[in-house]
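Encoded as structure tokens, the structure appears first; notes follow it.
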There are 2 protein chains.
Amino acid sequence: MNLPTIQQLTYLVALADEGSFSRAADACFISQPALSAQIKGLENRLGQQLLERTSRGILLTHQGVQVVDRARALIRDLNDLVIEAKNDGDDLRGDIHIGAIPTMAPYLLPALVQSLRKHHPHSQLHLHEEQTHDLLQSLRYGKLDVGLLALPIEEPTLSSAVLAHDPFLVAMSSDHRLADTSSPISLDRLAKENILLLEEGHCLRDQAENLCIRSNIQPSDIQATSLPTLVQMVAANMGITLLPRSAAPIEARTGSGVMTRPLRSSNAGRSIGLIWRTSSPIGTYLTSIISDLSTLWK
Amino acid sequence: MNLPTIQQLTYLVALADEGSFSRAADACFISQPALSAQIKGLENRLGQQLLERTSRGILLTHQGVQVVDRARALIRDLNDLVIEAKNDGDDLRGDIHIGAIPTMAPYLLPALVQSLRKHHPHSQLHLHEEQTHDLLQSLRYGKLDVGLLALPIEEPTLSSAVLAHDPFLVAMSSDHRLADTSSPISLDRLAKENILLLEEGHCLRDQAENLCIRSNIQPSDIQATSLPTLVQMVAANMGITLLPRSAAPIEARTGSGVMTRPLRSSNAGRSIGLIWRTSSPIGTYLTSIISDLSTLWK
DNA sequence: TGGTTTGTATAGGATTTAGTTATGAACCTA
DNA sequence: TAGGTTCATAACTAAATCCTATACAAACCA
């Protein structure tokens, strides 16, 4: 079915208000014949005579009155739609789905959430914890809007920004023989130690493993399913591990039975970054978040 | 402000429903580039990105969801408007203003009203009593939709139809010396009588007066303000008068003190007719009324 | 890894729609 | 009867809309 145009309805309303074709045409800033043609078109589409043309102006038929009433409401609603849509511009609204990898979520998400809530108080945040691979997939499919993970990630459809560098610390039980001081320790000293790693799938595992390989260190074949578990194993003196500095305040807090020492003359670690679809408008709104967090985590 | 088009909103809704430009374009029976262009235009008008274009289809932004919701409602309302307007075709609806001249209203309006209510039960009838001149003016200005009056009336913007012929009867007091029989009476016999007429302004007066002049009869200079008054004067034996046959059943009913005799070999009288603006759609609906009444009053 | 499918965007041209001015006929008013 | 209304019509122009063809990117699949 061929629907009437909003324009036609607008003209009809003007015609009803002004009471004559010529005045209505002036009010609409178009010529009188143009208005005549549009009204005629509207009457044709509706299959109804909406008004009587008299020598003195116009008279609305009963159908005309009905249509004008509804048209007014319709135009008002359409205006509302536009206003509403235009207002919706200064901050993000609605649901934002945030994903974070498990080795970052507990330690870094709180600050991200805080910053987002500060800048975009009208949005509802939803938090998800996924490993990098799944997180990227969810991002591509629109299940997530932003991801917090380790960079670099090179993907044509995704954009990312580094927030901070997250150096690795050596974590060991407080009883461990290397725990006599908290001064930097060189990588060589770890060669004889039993190095515990996370299980496959965690990008942190890959990063730590790579570091070991590059330093000719053979890691243990015991694998932990999560960072807290890993730290528990360290606390139980089953070995030592490489712990991101960002996790230390929580995992190696005083009383945890675990202590950390930085690596000497090495900036081994991971990059903490945000990632999002390039096509998503969220990119625009993330700049302030990024500057917030990179300051905080400097 | 440049409002979005209903078409653009329709396309947006289709896009939201189908999830991809190509499928939505198919559903709308247009090409995919055409749809792309329209959606782009809509986004421009709203100043908002409504959706993300991904390699796999589309994702609605938060603004997109909002706009789609409102757009659905708008399209539904517009459809309602069309359906409502189209349905409004089989019978008349709403207010119909009917005017009748005072010498017809009491006797003929009831049947007209009955017929209108039968054929157009959804309309509200409003009755007005005006003399011909004012009635025609009200008709032209749209204050009335139909008039019941004496024809012929030749006006370029008005159409009319004759319903019946309404012959004049001679009305006299039952005590009158002509009241000895109810057989036809010739015009000549009235020459010596005192003929009472209505006051100026009533078309019935003009018609009766013309008949008198043509027949060389001098009417009385006493004038009645209304037909019932005139009949009262006749009953009081102040003279006789010419009474339309349509008024007789009421004005000269048994017990009224008045009786009537037809005119011999004369079809003097008036034509009962309907009149309306040619430009008014009511003309279409009047045909059945006209056939009703012309049968009834044959 | 290369071909196919499935997405969207862009370019150029045809068509339709909406607008213009000019003009005309009917009517009101002075 | 002249002049100013009214709306309608005609002929033309401008712009919006849509088409086909093409490009290009990503996902899929053998």
Side-chain angles (χ1 to χ4, degrees), chain A residues 2-12 14-16 18-45 49-60 64 136-137 139-142 154-159 277-280, chain B residues 2-12 14-16 18-45 49-60 136-137 139-142 154-158 277-280:
Chain A
N2 223 347
L3 284 179
T5 302
I6 284 295
Q7 199 177 26
Q8 292 176 328
L9 296 181
T10 309
Y11 289 168
L12 178 68
L15 187 47
E18 299 290 338
S20 104
F21 276 79
S22 0
R23 275 200 303 280
D26 283 349
C28 298
F29 305 107
I30 59 169
S31 67
Q32 170 263 314
L35 188 116
S36 283
Q38 288 303 312
I39 298 295
K40 191 184 288 180
L42 179 59
E43 286 183 323
N44 282 340
R45 290 196 186 184
Q49 185 178 341
L50 300 176
L51 35 93
E52 299 177 39
R53 286 94 167 145
T54 76
S55 63
R56 194 184 331 277
I58 59 138
L59 290 170
L60 285 176
L136 293 178
Q137 189 71 351
L139 208 51
R140 283 189 289 257
Y141 277 84
E154 294 298 336
E155 278 234 4
T157 58
L158 299 180
S159 301
R277 285 184 305 284
T278 310
S279 61
S280 161
Chain B
N2 223 347
L3 284 181
T5 303
I6 283 294
Q7 199 177 22
Q8 292 176 328
L9 296 181
T10 309
Y11 289 167
L12 178 68
L15 188 47
E18 299 289 338
S20 104
F21 276 78
S22 0
R23 276 200 302 280
D26 284 349
C28 298
F29 305 105
I30 59 169
S31 68
Q32 169 262 314
L35 187 116
S36 283
Q38 288 302 313
I39 298 295
K40 190 184 287 181
L42 179 60
E43 286 183 323
N44 281 341
R45 289 196 187 184
Q49 184 178 344
L50 300 176
L51 35 93
E52 299 177 38
R53 286 95 166 144
T54 76
S55 64
R56 197 182 327 276
I58 58 136
L59 290 170
L60 285 175
L136 293 177
Q137 190 71 352
L139 209 51
R140 281 189 290 258
Y141 278 82
E154 294 298 336
E155 278 233 8
T157 58
L158 300 180
R277 285 183 306 282
T278 311
S279 61
S280 161

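Labels below follow one simple rule: chain letters A, B, ... track the order of the sequence lines, proteins then strands, and each chain is numbered from 1.
For DNA chain C, the neighbouring residues in residues 30-40 of chain B, judged by any heavy atom under 4.0 Å, are B:Gln32, B:Pro33, B:Ser36, B:Lys40.
Using a 4.5 Å heavy-atom cutoff, the side chains of A:Leu50 and A:Leu60 are not in contact. A 4.5 Å side-chain heavy-atom check between A:Leu15 and A:Leu35 finds at least one atom pair inside the cut-off.
Nucleotide C:dT16 holds its C1' atom 12 Å from the CZ atom of A:Arg45, rounded to whole Å. B:Glu155 has its CD atom 13 Å from the C1' atom of C:dC28, to the nearest Å. In this structure, CD of B:Glu43 is placed 13 Å from P of C:dT8, rounded to the nearest angstrom. If you take CZ of A:Phe29 and P of C:dG19, they are 14 Å apart, rounded to a whole angstrom. In this entry the distance linking CD of A:Glu18 with P of D:dT5 reads 16 Å, nearest Å. Rounded to an integer number of Å, the gap from CG of B:Leu42 to C1' of D:dT17 is 15 Å. Atom CD in B:Gln7 sits about 14 Å away from atom C1' in D:dA15, given to the nearest Å.
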Please report, to 0.1 Å, the donor-acceptor pairs under 3.5 Å made by any side chain of residues 23-30 of chain B, with sequence neighbours excluded.
unit_1	atom_1	unit_2	atom_2	d
B:Arg23	NE	B:Glu18	O	3.1
B:Arg23	NH2	B:Glu18	O	2.7

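The side chain of B:Phe21 lies closest to C:dT8 when the candidates are D:dC7, C:dT8, D:dC18. If you check C:dT8, D:dA27, D:dT17 against the side chain of A:Arg140, the one that comes closest is D:dA27.
Here B:Tyr11 reaches the OP1 or OP2 of D:dC18: one of its side-chain N or O atoms lies under 4.0 Å away. At D:dA8, one or more side-chain N or O atoms of A:Arg53 fall inside 4.0 Å of OP1 or OP2 (strictly under the cut-off). A sub-4.0 Å separation between OP1 or OP2 of D:dC7 and a side-chain N or O of A:Ser20 is present.
Looking at every heavy atom in both residues, B:Leu136 comes nearest to B:Glu155 through CD1-OE2, 4.4 Å. In plain terms, the two heavy atoms of B:Leu42 and B:Pro4 that are nearest each other are CD1-CB, 3.5 Å.
A side chain to side chain donor-acceptor pair (under 3.5 Å) with B:Ser36 is found for one member of B:Lys40, B:Gln32, B:Gln38 and no other, namely B:Gln32.
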>> Pair B:Arg277, B:Leu158 - check side chain to side chain contact (heavy atoms under 4.5 Å, CB included), show working.
In response: CA-CA 4 Å; B:Arg277 285 183 306 282; B:Leu158 300 180; 3.9 Å; yes
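Within the nucleic acid shown, B:Arg23 comes within 4.0 Å of sugar-phosphate atoms alone, with no base atom in reach, counting heavy atoms only.
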